[in-house]
Amino acid sequence: MNSLRSAKRRFFLKTLGASALATGPSFGVTGANEEIRVGLIGCGVRGNALGPQFHGLKGVRVVGISDPDTQRMENHLTKNREREGYEPTQHQDYRKILERDDIDVIVVTSPNHWHALHMVQACEAGKDVYIEKPISHKIAEVPFMLEAERKYDRIVQAGTQNRSDTGLIEAHDFIHSGEIGKITSIRGLCYRNRNSIGRCKNPPLKPPSSVDYNLWLGPAPDLPIKRANFHYDWNWVWNTGNGDVANQGVHEIDVMSWFAGDPGTPAKLNSFGQRFAWDDAGQTPNMHTSWYELGGIPAVFEVNDLWVKPGTNAAPAYKDIRVGVIVTCEGGEFRGGRSGGYIVAPDGKTRLNKFPGDAGGSHAQNFIDAVRSRKSDGLRGKLKRSGDTAAIAHLANLSYRTGKATTVADLREKTLASSPELLEVLDRQETQLKRWSIDFDKTPYHLGSEARFNPETGKVTGPLADTDFLKPTSRGEFKLPGMG
């Protein structure tokens, strides 16, 4: 890399986190025959999956990894060193990766509260970016991300790999051929057999000694850690995570939008739910049902992380699907998810066309191809679309968090009375919760507020527009460029 390009990059890195977004030089333009060098930020569950996946692609090599937890970096290397010949340089401070002139691409697999800042700063530093879902922790972060992608002319792919699943691609095309008529409704399911995360007794949990906690927190407020385990369970705390509607569920929400023709974020959304049975440090609901429209098509999304009954360690299912989508058409129904699915005849039993998939294994290659060609048209996980679908998950959480306690009778007789589909959901949940001996007087359902959204401005409107839940967070030096 020539000295002029190095000097320009150093100038950008001096201003990371402080400067307003401005048009910058186009770095990282890689020729078809040049090696693409990857830096990985985050060595947790997704980092352990994506690091070796990128390293295994032809002409691609992971040359640097970063995590605030030095033990996680070492564990990551230990898992992959012998199998992959994997020996990247370790950096506890992610900014060291952004400074490197020998890195073209950043793969972001950090916790949710870091996604926006990591992506924006990587673009500023002249890197192309593969960013894990949900792409944002807050709705209001997305405009900053889209602006960075545009201003710095970067290739950005979201980790919504279901869009690269061969079976889902084929099923999508089959449905849109019109062979089984128009789509009449879409349902998404996230039924996971999760456990309580427990509660740390006083004093609060201390981060492991291998963790630079300032770098782990980044833009998030420094709040006491009440959960029993430091890693992963941050997903169920609002300060750093978004619950399963945005953890696993955003994959299915994204497929629902894709099959509906990607109409964007809906104008309004309602929800109901609760964190049942687990008296723990988790704040996000383990049952959470939302409903809205996708381009005029009725859509329902269900999170249900509670076992069928205590002691079974088995998740419930609906029409034999636990994690996936059900697309109902005039002349049949698609049931499936990652790794494909099948069409069911109008009788609800006979299976017709099958669409075996590959779990979206080509998603990373799809990104690398765009990095080489400098053309984003063929990206399957485009940032704008992923921003739209992440916003649906955020609206569901906004609805839930601004709602109020309600009785099952009021849910049934008032809110859901005109919707047989939602009443059926409530019936199934009530049966399941009775097995858990839930006392609805002590642990009532939470009826969400109606969350309204203006797709043109990308902002929440109405009574919830000014809630603090929507605003990007910043702490000290960790602030999105352009934030007032």
Side-chain angles (χ1 to χ4, degrees), residues 13 16-17 37-56 60-122 125 127 129-132 137 159 197 200 203-237 239-241 473 475-479:
L13 289 163
L16 280 180
R37 297 150 303 182
V38 174
L40 175 71
I41 299 178
C43 294
V45 175
R46 290 303 297 154
N48 281 325
L50 286 175
Q53 185 178 132
F54 274 94
H55 197 78
V60 180
R61 183 163 57 98
V62 177
V63 298
I65 62 173
S66 177
D67 197 288
D69 188 341
T70 56
Q71 187 59 57
R72 280 208 146 187
M73 283 194 287
E74 188 53 46
N75 292 344
H76 180 88
L77 289 179
T78 300
K79 288 179 181 178
N80 296 292
R81 186 178 280 126
E82 184 174 340
R83 185 181 63 189
E84 303 288 344
Y86 190 88
E87 200 64 51
T89 306
Q90 300 180 50
H91 302 282
Q92 191 172 26
D93 189 332
Y94 75 97
R95 289 168 290 200
K96 297 296 183 183
I97 283 223
L98 300 186
E99 290 172 0
R100 287 177 56 174
D101 290 339
D102 66 334
I103 287 179
D104 309 294
V105 162
I106 297 294
V107 176
V108 176
T109 62
S110 48
N112 297 4
H113 69 284
W114 261 114
H115 285 181
L117 187 54
H118 278 156
M119 181 240 144
V120 169
Q121 290 186 335
K127 319 293 188 184
V129 185
Y130 182 104
I131 181 169
E132 259 305 311
H137 185 227
I197 65 171
C200 184
L205 180 71
K206 291 184 177 180
S209 59
S210 56
V211 174
D212 182 325
Y213 191 51
N214 182 55
L215 285 173
W216 190 92
L217 266 182
D222 188 356
L223 302 178
I225 306 172
K226 298 294 187 179
R227 60 187 185 275
N229 297 300
F230 183 75
H231 289 300
Y232 193 77
D233 287 346
W234 51 261
N235 273 295
W236 324 123
V237 178
N239 192 41
T240 48
T473 54
R475 187 183 61 86
E477 66 204 282
F478 304 108
K479 183 177 183 179

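The residues of the chain are indexed from 1 along the displayed sequence.
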With side-chain contact (heavy atoms from CB on, under 4.5 Å) as the test, would you mind laying out the steps for His137 and Leu117 before giving the verdict? CA-CA 10 Å; His137 185 227; Leu117 187 54; over 6 Å; no
Decide side-chain contact (heavy atoms from CB on, under 4.5 Å) for His231 and Arg72; before the verdict, give the C-alpha distance in whole Å, the side-chain angles of both, and the deciding distance to 0.1 Å. CA-CA 10 Å; His231 289 300; Arg72 280 208 146 187; 3.2 Å; yes
Dump the intermediate steps for side-chain contact (heavy atoms from CB on, under 4.5 Å) on Asn112 and Trp234, then the final yes or no. CA-CA 9 Å; Asn112 297 4; Trp234 51 261; 3.6 Å; yes
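Inter-residue side-chain proximity for Asp69 and Cys43 is flagged as unmet; no heavy-atom pair is nearer than 4.5 Å. The side-chain heavy atoms of Ile65 and Gln90, taken from C-beta on, include a pair separated by under 4.5 Å. Counting heavy atoms from C-beta outward, Arg81 and Glu74 have side chains that approach closer than 4.5 Å. Inter-residue side-chain proximity for His115 and Glu132 is flagged as met; some heavy-atom pair is nearer than 4.5 Å. Residues Arg475 and Leu217 meet the side-chain proximity criterion, which asks for heavy atoms closer than 4.5 Å. For the pair His76 and Met73, the minimum side-chain heavy-atom distance is 4.5 Å or more.
Closest approach of Ala122 to Leu98, counting heavy atoms only: CA-CD2, 3.9 Å. Closest non-hydrogen pair, Pro88 versus Val62, comes out as CB-O, 3.6 Å. Taking each heavy atom of Leu223 and Tyr213 in turn, the nearest pair found is O-OH, 4.1 Å. For the pair Val38 and Ile103, the tightest heavy-atom approach, listed with the atom from each and the gap, is C-CG2, 4.2 Å. Residues Val108 and Ser110 approach most closely at CG1-OG, 3.4 Å, considering heavy atoms.
Between the side chain of Asp212 and the backbone N or O of Pro68 there is no donor-acceptor pair closer than 3.5 Å. Checked by atom type and distance alone, the side chain of Arg46 never pairs as donor or acceptor with a backbone atom of Thr109 at under 3.5 Å. Remark: the backbone N or O of Leu215 is paired with a side-chain donor or acceptor of Trp114 at under 3.5 angstrom. Although no hydrogens or angles enter the test, the distance criterion places no donor-acceptor pair under 3.5 Å between the side chain of Ser66 and the main chain of Leu40.
Atoms OG1 and CG, on Thr89 and Leu77 in that order, are 9.5 Å from each other to the nearest 0.5 Å. Annotation: the span from Gln121 atom CD to Lys127 atom NZ amounts to 12.5 Å, rounded to 0.5 Å. Distance CZ/Arg61 to CG/Asp104: 10.5 Å, rounded to 0.5 Å. Note: Ile197 CD1 to Asn235 CG = 9.5 Å, rounded to the nearest 0.5 Å. Once rounded to the nearest 0.5 Å, the distance linking NE2 of His91 with CD of Glu99 reads 9.0 Å. The NZ atom of Lys226 sits 16.0 Å away from atom CG of Asp233, with the distance rounded to the nearest 0.5 Å.
Using a 3.5 Å distance cut-off with no hydrogens or angles, the side chains of Asn80 and His55 do not pair a donor with an acceptor.
Aromatic ring pairs are classed by plane angle as parallel below 30°, tilted from 30° to 60° and perpendicular above 60°; the pair His113 and Trp216 is tilted. Between Trp236 and Tyr232, the ring planes lie perpendicular to each other; the angle is over 60°, past the 30° to 60° tilted range.
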